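All heavy atoms count here, side chains included; hydrogens, waters and symmetry mates do not. Small disclaimer: the values here were computed from a predicted structure and weren't measured. Both counts, for ligands and for their atoms, begin at 1 and track the order of listing.
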Amino acid sequence: MGPRPFNPFETAQQQFDSVADLLGLDDSCRDLLRSPLREYHFTIPVRMDAGRVELFRGFRVQHNDARGPCAGGIRFHPQETIDAVRARAMWMTWKCAVVDIPLGGAMGGVICDPHNLSTGEQERLCRGWIRQLARNIGPVIDVPAPDVMTGPQHMLWMLDEFETIHRAKYPGFITGKPVGMGGSAGRLEATGYGVVHTIREALKELRIRPGDTTAAIQGFGNVARHAVQLYQQLGGTVTCVSCWDQNDQTAYAYRKKHGIDFEELNSLTDHFGGIDKTKAEDSGYEKLPGGAWLEQDVDILVPAALENQINVENITNMSKRVKLMAEGANGPTTPQAGQILRDRGIFIVPDFLANAGGVICDYFEQVQCNANYFWSKDEVFGKLDQKMTGAFIEVSDLARKRNLSMRDAANVISIGRVATACRDRGWV
Ligand code: NAD
């Protein structure tokens with residue numbers, strides 16, 4: 001028998017169990033929080049362009065809503081599983097709580113590969129997803145948002161279907177919409193920028209100037225690209241990024257030792273975050289195997305693609321120079337690999353803190369839509385920085401005071417807040 005496939009929900013539950021011990025949670029509170037409150041599993045029939053009907057498997061998991069209506073992304077991915085959705089829903093609950101926004105955690109997904117779907121098929125899939133869930137989601141129940149391979153256009157189709165079914169306008173129902181159609185300025189940048197706010201604060205603690213650092217990044221999608229942009233504005237140098245190559249069905253890393261040119265590489269990238277390998281090589285980038293991003297001799301690593309990318313198998317390939325890792329993706333590091341990194345003294349900004357910028361801006365989008373008054377991009381970025389920096393400092397102070405890892409400290413704060421909300425409501 002081969003090794004058991006990686007299960008992100010088991011990871012999320014292991015992380016939860018160790019913090020439940022630290023917090024001394026009683027059994028009923030533990031049982032409530034280590035599983036989702038509600039799950040929806042459904043089939044979405046979609047009429048394909050060729051005329052036949054194809055069935056897609058969809059999910060929505062609402063992990064906990066004690067602190068407010070649920071929020072959380074929808075992923076379109078061929079390897080989506082219910083346990084991956086459960087894990088991300090749980091992380092979402094902790095994420096909203098650690099940055100102290102009044103929302104609960106949910107996540108959704110569809111098993112599909114949008115690379116192989118036309119625009120019309122994607123629209124019908126989005127509308128079908130909403131039709132299956134229209135009674136179980138909504139602005140005061142559960143508000144979806146984009147995630148891997150979904151974006152503003154998907155959100156707008158979903159909003160339109162929801163409003164058609166409920167026969168009224170609910171602009172605060174879905175977030176990550178296009179700007180001008182109820183979207184918040186700055187949402188596209190928010191997650192990547194938030195990752196860099198935490199990098200900036202971590203570097204202050206390490207007493208290193210951003211301008212003296214280099215970084216390698218896994219992914220070149222929404223999160224990665226905006227992280228690269230802001231990090232370069234701070235003076236940092238990105239030497240390597242990686243992405244999935246749909247034609248070759250493998251990942252590649254692209255390196256320029258003196259630093260990538262963001263605008264140039266961005267112009268060679270499709271809307272799935274895939275880089276054109278021929279054009280990249282013509283522009284002087286070295287094309288390396290996908291795992292090479294982790295092996296670069298850099299100060300900072302930013303995994304910003306998928307789960308389970310840093311594990312006991314590849315962690316030995318990591319350069320000794322790495323001092324800081326900011327987890328842009330959800331669940332990129334297995335617990336065993338995380339322990340090895342901690343033993344090596346690497347400063348880790350855990351995923352649900354590092355990538356909280358997205359949901360913070362989703363919350364801002366709800367606030368703006370509900371007030372029907374929209375803020376400028378500068379106002380959004382100012383408020384985002386304030387929230388991210390405040391949360392980082394709170395977590396880092398607790399980590400120092402109680403000699404905890406950043407992940408455990410963030411979990412102590414967030415799980416503690418959610419447990420208090422459940423107890424105060426009389427649930428446990
Ligand atoms: P995206 O679809 O825009 O980009 C994903 C990127 O990862 C692409 O460049 C793709 O080519 C690359 N990729 C996929 N498989 C890969 C592999 N095996 N090796 C290397 N690269 C690979 O997605 P995104 O929105 O940037 O999300 C990235 C991660 O960040 C996910 O874990 C997501 O859950 C998390 N996240 C996203 C947001 C958000 O606002 N978009 C918020 C919080 C967390």
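Annotation: salt bridge (charged side-chain N to carboxylate O under 4.0 Å, His left out) contacts of D248 (sequence neighbours excluded): K277. In this structure, the side chain to side chain contact (heavy atoms under 4.5 Å, CB included) partners of Q296, at least two apart in sequence or on a different chain, are A216, C240, R255, L288, A292, V298. Not counting sequence neighbours, K287 has no partner by the salt bridge (charged side-chain N to carboxylate O under 4.0 Å, His left out) test.
R38 has a carboxylate O that lies under 4.0 Å from a charged side-chain N of D65, or vice versa, which qualifies the two as a salt bridge. A salt bridge links R86 with D83: the distance from a Lys NZ or Arg NE/NH1/NH2 to an Asp or Glu carboxylate oxygen falls below 4.0 Å.
For ligand 1, the protein residues placed under 4.0 Å by at least one non-hydrogen atom are R75, K95, D147, V148, M149, R187, T191, Q218, G219, F220, G221, N222, V223, S242, C243, W244, A251, F272, G273, A304, A305, L306, G328, A329, N330, N355.
Under the 30°/60° scheme for interplanar angles, the aromatic rings of Y254 and Y252 are found to stand perpendicular.
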